[in-house]
Student: 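Right, I'll just put the structure down here and ask away after.
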There are 2 protein chains.
Amino acid sequence: MFVKANEINLISKTTNMKNSQLYKGSLNTIIMKLLEEKGRMYGYEITQKVKEITQGELNITEGALYPALHKLEAEGLLDVEMEKVDNRLRKYYKLTEKGTTETVNRLAELEDFIKNMQSIVNPKLSY
Amino acid sequence: MFVKANEINLISKTTNMKNSQLYKGSLNTIIMKLLEEKGRMYGYEITQKVKEITQGELNITEGALYPALHKLEAEGLLDVEMEKVDNRLRKYYKLTEKGTTETVNRLAELEDFIKNMQSIVNPKLSY
DNA sequence: TTCTTATACATTAGAAACTTATGTATAAAA
DNA sequence: TTTTATACATAAGTTTCTAATGTATAAGAA
């Protein structure tokens, strides 16, 4: 899609994966969790779902999403089915068995990560 | 130095194949939060403190830590003082005024990040 | 009707944060 | 006396992202 010169900055400020570096490394976990919940989703749908859940705060860029999906597929964690809807191509992704198992691990890791970060940020409470 | 089986580096568990990329991007926030709390710390002390807080789960590597400290200093967020203790060099870092302000922002971002991740992982509860 | 936005996929150059390995040096413990 | 702990550092290579670009169709606004 083309974007005119003076719109680029405005758009990219609200379009990228939120300022902070914190989201780095969390994309795969997000994708896998959403697929676990929904059964199957296509790429664009994932970006919209994440935007909705985070009330527009987290916007997954296509340059991050599609390579991530391809990689998860290559690792055998996702299966893909192509479908044509309204004369437009969709690639529906779903977790493989291996992917489902791995999702459990990743979610456990996410919980650990959050606990650890909270321990650092809020040393008074011990999690 | 060797890293034992169960420890996470700033990214991955060495032997365990478990791939927790989640810590990627959180190092600066960790450093700044600890400095805010402690007043001043030196690099090695930071690694030990994080290890202690996370009960050995998060092990910051030197190759990640020192460049991060140098960069924060270059950005004017940290000040450094050299001291010789027991005939060994220590570089004590502390937050500048700018760094203190920035720490507030980064901690707010971390909170947002955690909230968003929890919204994705646990869609039933709305945070 | 024509221009723009939305939907839907994709790739690539470059930035940034890491890992892994290596290096120097001193002090304490086994 | 050999290893581990303390304390700094850099550098090559990997991964994950951003920003930009590309193709194509459908819907909505001007």
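Quantities reported herein were computed from a predicted structural model and do not represent experimental measurements. Here is the naming used below: chain letters follow the sequence lines, and residue numbers restart at 1 for every chain.
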Student: Counting only side-chain nitrogens and oxygens, does B:K24 get under 4.0 Å of the OP1 or OP2 atom of C:dT19?
Tutor: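 No, no such contact exists.
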Student: For B:M82 and D:dC8, give me the distance from atom CE to atom P, rounded to whole Å.
Tutor: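 The answer, rounded to whole Å, is 10 Å.
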Student: At under 4.0 Å between heavy atoms, what does A:E62 touch on the DNA or RNA strands: base, sugar-phosphate, or nothing?
Tutor: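 Counting heavy atoms under 4.0 Å across all strands, the contact made by A:E62 includes a base.
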Student: May I ask you to decide if A:L22's main-chain N or O and A:S26's side chain share a donor-acceptor pair within less than 3.5 Å?
Tutor: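 The answer is no, because no donor-acceptor pair under 3.5 Å joins these two groups.
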Student: Find the distance A:Y42:OH to C:dA6:P and express it as a whole number of Å.
Tutor: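 Distance, rounded to whole Å: 15 Å.
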Student: Please find out if less than 6.0 Å separates the ring center of A:F113 from that of B:Y23.
Tutor: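 Yes.
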Student: Report which part of the nucleic acid B:G43 touches: base, sugar-phosphate, or nothing (heavy-atom distance under 4.0 Å, all strands).
Tutor: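 Since only primed, P, OP1 and OP2 atoms lie under 4.0 Å of B:G43, the category is sugar-phosphate.
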Student: Between B:K84 and D:dA7, does any side-chain N or O lie under 4.0 Å from OP1 or OP2?
Tutor: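 The answer is no; no side-chain N or O of B:K84 sits under 4.0 Å from OP1 or OP2.
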Student: Are B:L34 and B:I53 side-chain neighbours, meaning at least one heavy-atom pair lies under 4.5 Å?
Tutor: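 When only atoms from C-beta onward are counted, B:I53 and B:L34 do touch, with a gap below 4.5 Å.
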Student: I need the CZ-P distance between B:R40 and D:dA7, as an integer number of Å.
Tutor: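 Atom CZ in B:R40 sits about 13 Å away from atom P in D:dA7.
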Student: Does OP1 or OP2 of D:dC17 have a side-chain N or O of A:Y23 closer than 4.0 Å?
Tutor: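 So the side chain of A:Y23 is outside the cut-off, no N or O lying under 4.0 Å from OP1 or OP2 of D:dC17.
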Student: In terms of the nearest nucleotide of DNA chain C, which residue is placed more toward the 5' end: A:L89 or A:P67?
Tutor: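 By nearest-heavy-atom nucleotide position, the 5'-most residue is A:L89.
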Student: Just how far, in rounded Å, is P of D:dT16 from CD1 of A:I60?
Tutor: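 Going from CD1 in A:I60 over to P in D:dT16 covers 15 Å.
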Student: Could you give the CD-to-C1' distance, from B:E83 to D:dC8, as a whole number of Å?
Tutor: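 Atom CD in B:E83 sits about 15 Å away from atom C1' in D:dC8.
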Student: Nearest whole angstrom, please: distance from the C1' of C:dA10 to the CG of A:L69.
Tutor: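 Interatomic distance, CG of A:L69 to C1' of C:dA10: 12 Å.
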Student: In sequence, state the C-alpha distance, the side-chain angles, and the governing distance for B:E45 and B:R90, and then conclude on salt bridge (Lys or Arg N to Asp or Glu O under 4.0 Å).
Tutor: CA-CA 10 Å; B:E45 188 185 7; B:R90 283 185 188 169; over 6 Å; no
Student: If you compare every side-chain N and O of A:R88 against the phosphate oxygens of D:dT25 (OP1, OP2), does one of them come in below 4.0 Å?
Tutor: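 False: A:R88 side-chain N/O out of range (4.0 Å or more) of D:dT25 OP1/OP2.
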Student: Distance check: side-chain N/O of B:H70 vs OP1/OP2 of D:dC8, anything under 4.0 Å?
Tutor: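 No, outside the criterion.
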Student: Measuring to OP1 and OP2 of D:dT16, would you say a side-chain N or O of B:Q21 lies under 4.0 angstrom away?
Tutor: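 Looking at the OP1 and OP2 atoms of D:dT16, one of them is under 4.0 Å from a side-chain N or O of B:Q21.
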Student: Take atom CZ of A:R90 and atom P of C:dA8, then tell me their distance rounded to the nearest Å.
Tutor: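 It is 4 Å, rounded to the nearest whole Å.
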Student: Which part of the nucleic acid does A:K71 contact within heavy-atom distance under 4.0 Å: base, sugar-phosphate only, or nothing?
Tutor: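 Since only primed, P, OP1 and OP2 atoms lie under 4.0 Å of A:K71, the category is sugar-phosphate.
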Student: Respond yes when some side-chain nitrogen or oxygen of A:Y44 is under 4.0 Å from OP1 or OP2 of C:dC9, and no when none is.
Tutor: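 Answer is no, no contact under 4.0 Å.
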Student: Identify the heavy atoms of B:L27 and B:A64 that sit nearest to each other, and give their distance.
Tutor: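 Smallest heavy-atom distance, with atoms named: CD2-O, 3.6 Å.
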Student: Indicate whether OP1 or OP2 belonging to D:dA9 is found under 4.0 Å from a side-chain N or O atom of B:Y66.
Tutor: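 So the side-chain polar atoms of B:Y66 never come under 4.0 Å of the phosphate oxygens OP1 or OP2 of D:dA9.
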Student: Taking the nucleotide of DNA chain D with the closest heavy atom to each, which residue, B:L65 or A:D86, is nearer the 5' end?
Tutor: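 Result: B:L65.
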Student: Closer than 3.5 angstrom, by distance alone: can the side chain of A:T96 be matched with the main-chain N or O of A:G76 as a donor-acceptor pair?
Tutor: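 Confirmed, A:T96 side chain pairs with A:G76 backbone.
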Student: Taking only N and O in the side chain of B:N87, is any of them less than 4.0 Å away from OP1 or OP2 of C:dA25?
Tutor: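 Indeed not, no polar side-chain atom of B:N87 lies that close.
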